[in-house]
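When a residue number appears, it is its place in the shown sequence, counting from 1.
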Amino acid sequence: KGLEKIVITGFSAGAQMGNRWSIFSPQGTQGATLSGIPMTVVLGSPSSVTYLSKSRPAVSCTLSRDNNMDHNCTDFVNPEDDDNR
């Protein structure tokens, strides 16, 4: 039996590197490698993140307002358009 699933993990500097890799790699699109093997990327606490657009998490997404384990930010704003970010 061959490889069944790939999980990429990283924490801190490893997460920062994994984040950058995931942006530039064609692997993992639609949750699978280019050869069809299921793939998941799990990254935690990078010291910085790369934004690919002008959108940023809204104030309502900050952990000081919602810090449970099911926290999922779905509200994004463009800081240039919203002074109350």
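The side-chain hydrogen bond (donor to acceptor under 3.5 Å, both in side chains) test applied to Glu4 returns Lys1, not counting sequence neighbours. For Ser47, the side-chain hydrogen bond (donor to acceptor under 3.5 Å, both in side chains) criterion is met by Gln16, not counting sequence neighbours. Applying the side-chain hydrogen bond (donor to acceptor under 3.5 Å, both in side chains) rule to Thr40 yields no partners; only residues at least two apart in sequence or on another chain are considered. Take Ser35 and apply the side-chain hydrogen bond (donor to acceptor under 3.5 Å, both in side chains) test, not counting sequence neighbours, and it matches Thr33.
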Side-chain atoms of residues 5-15: list all donor-acceptor pairs with protein atoms under 3.5 Å, sequence neighbours left out, distances to 0.1 Å.
none

Enumerate donor-acceptor pairs with a distance under 3.5 Å from any side-chain N or O in residues 23-32 to protein atoms, sequence neighbours excluded.
{"residue": "Ser25", "atom": "OG", "partner": "Gln27", "partner atom": "N", "Å": "3.0"}
{"residue": "Gln27", "atom": "OE1", "partner": "Leu34", "partner atom": "N", "Å": "2.9"}
{"residue": "Thr29", "atom": "OG1", "partner": "Pro26", "partner atom": "O", "Å": "3.1"}

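Under a hydrophobic clustering in which Ile, Leu, Val, Met, Phe, Trp and Tyr are joined whenever their side-chain heavy atoms come within less than 4.5 Å, directly or via other members, Trp21 and Ile37 fall into the same cluster.
Apart from Met17 itself, the hydrophobic cluster it occupies contains nothing, where clustering links Ile, Leu, Val, Met, Phe, Trp and Tyr at side-chain heavy-atom distances under 4.5 Å. Under a 4.5 Å side-chain heavy-atom cut-off, the cluster of Ile, Leu, Val, Met, Phe, Trp and Tyr residues that includes Phe76 has no other member.
Taking the side chain as every heavy atom from C-beta outward, Ser22 and Met39 never approach each other to under 4.5 Å.
Across all their heavy atoms, Arg20 and Ser48 have their closest contact at NH2-OG, 3.7 Å.
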